[in-house]
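Okay, so here's the structure we're looking at.
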Amino acid sequence: MKKVILLKILTVVIFLAASCRKDQYLAPDISGVGADTIILNIGDKTVLAPNITNLKGNSYIWLVNGKETVRDQINFTFQATEPGNFDVTFKANNKGGAAEQLFEIFVEKPIAISIDGQLAVSMCNVIEITPSVTGPDRDDYEYEWSIGDSVIGKKRNLSFISAGAGSYELTLRATAGKQTATSSRTIIVKAEQYGNNANTVLEYAPAPGKNHNWSIIGTADLWDFGAEQPLPYSEFLTKAGVLRKENAGNGLFLGSWGGSATFKFDHTVVNVPALPDLELTAIYSNLDPPAVYVAYDRNKNGTPDNDEWYEIKNEDYGIEDLPDYEMTFTYTKTVTDTRRIYTYFTWKDNQLEPVGGEIVNMKSFSSSMTYTGAFSTRGFFPGYNMTDIPTKQVALLDGWQNSFTRKGKRITRNLSGAPQFFRKLNVDIDMAVNVSGESVQLPGIDFVKVQKVVYPFQQDFNDGNKLKDFNMEESRMLQVYGILDKHLKN
């Protein structure tokens, strides 16, 4: 009897325990959600789908920035309609408890571009176009300016210049992250008339040698037919500009190593990608090209500032054996007799063990007269001229110096078998580099400096083919003529 009662009691306990397990609720658990902020752009959608365990009796709420948005949905589609930060909270509840998960969403600002509506500039002049660009706070912006299919710039601001007049449709494309925006404006380029030669001579710094003729504005061989202009320094520069405007072939005799001249265009020469921009005519050999430096007048002050100069990189770039070479030339005296005149000057360099020497130019009176009856400056130290023929008086003209130093890089080279002749040198502004050898992007250039940098040695066939210093020889001196704009479309 006792066993039957015990069995009944055990059965009741088991039944009650089973009934309790049927009504038990376990709190929901949320997993599988990353902690990274979700970044979207305007118009993007993202589906938020958390993993949930213990689903019995659950209710769900989605809140955006604390405001209830959706109820009784496990998944939620968030659509980006405005920029900003959004905290999306998912809450799950049942009789056993609650859980919640936070989704952080950042909607980036859209890129917006604004360009001034009125754009106009004269041809061969630079206009700086500075658009307003707003958008997300990112460091991966990329820009592309184009006219039709031609890309003309890859920076936010554009230095626009055109060699031809007309109407052009400019388009700026800005990209950041997954966003891209474009804006277009018409720019009017007005027609102008310019000279295509660098006529103006800002500086003339010749380096003398044997029979060097400093007063030449033209061709050295025509010294006796009006090519000489023995004038005070400032007047010489002015005269050179006038004559070069009349004829681009009127050149300057730069002379031996270190001689240079600086020229100015009456407009900005356009830097056209992948094409040569200048054509320089000079007398040099294929082993003795001059160094060419260019400057863009960025601050529009009409002169080339020191920090505006860039060298045009050529095959000789970076191979100089003496990067900071100097030669000092000093006039010493002029001596005459009844038939001849002798001019003396010395030179010395800046090396630890200086090298130097004396040059004597001798010529007869009878062979030195021009067709006008003037006495030629051929062989005279730069700036010196015979001011009175009857008394054989030689004097230094105003503005010139009786001693000066030429500075630059020196490339020492054997030029045997490489004679000089008239040559044309194409110059590509895209090859401009700074003092560190890094490429620079110039919209165009206003100034050109040409300098002799190769220091020539040569075999002397009159002295057993010995290799000798030929720097002072007339046959190795640099002469520069026209410097032409290859793109000008007047």
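Counting only N and O atoms by type, the side chains of Asp469 and Tyr455 include a donor and acceptor under 3.5 Å apart. Under the 3.5 Å distance criterion, with hydrogens and angles disregarded, a donor-acceptor pair is assigned to the side chains of Glu228 and Asn213. Remark: the Thr171 side chain and the Arg173 side chain contain no N/O donor-acceptor pair separated by less than 3.5 Å. No side-chain N or O of Gln420 forms a donor-acceptor pair with one of Ser285 less than 3.5 Å apart. Between the side chains of Thr219 and Asp221, not a single donor N or O lies within less than 3.5 Å of an accepting N or O. In summary, the side chains of Thr391 and Asp388 do present a donor paired with an acceptor at a separation below 3.5 Å, with no hydrogens or angles considered. Under the 3.5 Å distance criterion, with hydrogens and angles disregarded, no donor-acceptor pair is assigned to the side chains of Gln458 and Ser416.
At a threshold of 4.5 Å between non-hydrogen side-chain atoms, the residues Arg138 and Glu108 count as touching. For the pair Asp224 and Ser376, the minimum side-chain heavy-atom distance is 4.5 Å or more. With a 4.5 Å cut-off on side-chain heavy atoms, Gln229 and Leu243 count as touching. When side chains are defined from C-beta on, Lys486 counts as touching Pro276, because their heavy atoms get closer than 4.5 Å. At a threshold of 4.5 Å between non-hydrogen side-chain atoms, the residues Phe263 and Val480 count as touching. Within the 4.5 Å cutoff, no side-chain heavy atoms of Trp223 are placed close to those of Thr377. Taking 4.5 Å as the limit, some side-chain heavy atom of Tyr141 sits within range of a side-chain heavy atom of Ile111. Side-chain contact between Arg410 and Asp321 is present, with heavy atoms from C-beta onward closer than 4.5 Å.
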Test salt bridge (Lys or Arg N to Asp or Glu O under 4.0 Å) on Arg413 and Asp316; report intermediate values, then the result. CA-CA 11 Å; Arg413 180 172 290 158; Asp316 283 346; 2.8 Å; yes

Would you sort out whether Thr37 and Ile105 count as a side-chain contact (heavy atoms from CB on, under 4.5 Å), showing the intermediate values? CA-CA 6 Å; Thr37 299; Ile105 298 176; 5.8 Å; no

Output, in order, the C-alpha distance, side-chain angles, deciding distance and verdict of salt bridge (Lys or Arg N to Asp or Glu O under 4.0 Å) for Lys409 and Glu311. CA-CA 12 Å; Lys409 65 179 182 179; Glu311 183 174 359; 2.5 Å; yes

Please report the C-alpha distance between Tyr325 and Trp257 in whole Å, then the side-chain angles of each, then the deciding distance to 0.1 Å, and finally whether the ring pair (Phe, Tyr, Trp, His ring centres under 6.0 Å) criterion is met. CA-CA 10 Å; Tyr325 191 61; Trp257 179 93; 4.9 Å; yes

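Lys363 forms a cation-pi arrangement with Phe380, by the criterion of a distance under 6.0 Å to the ring centre and an angle within 45° of the ring axis.
Here the NZ atom belonging to Lys348 is positioned 12.0 Å from the CE atom belonging to Met327, to the nearest 0.5 angstrom. To the nearest 0.5 Å, the span separating CD on Gln459 from CG on Leu467 amounts to 6.5 Å. A distance of 14.0 Å separates NZ of Lys392 from OG1 of Thr387, quoted to the nearest 0.5 Å.
None of Ile411, Ile283, Leu415 except one satisfies the side-chain contact (heavy atoms from CB on, under 4.5 Å) rule with Asp288; the exception is Leu415.
Salt bridge annotation for Glu474-Lys210: absent, with no cationic side-chain nitrogen under 4.0 angstrom from a carboxylate oxygen.
Ring pair Phe329/Phe404 is tilted by interplanar angle, where 30° to 60° counts as tilted. Ring geometry for Tyr384 versus Tyr331: interplanar angle under 30°, hence parallel rather than tilted (30 to 60°).
Of all heavy-atom pairs spanning Tyr342 and Met362, the tightest one is CE2-CG, 3.1 Å.
Listed by first then second residue, pairs satisfying ring-ring contact (aromatic ring centres under 6.0 Å, His included) with a partner in residues 183-206 read Tyr194-His267, Tyr204-Phe236, not counting sequence neighbours.
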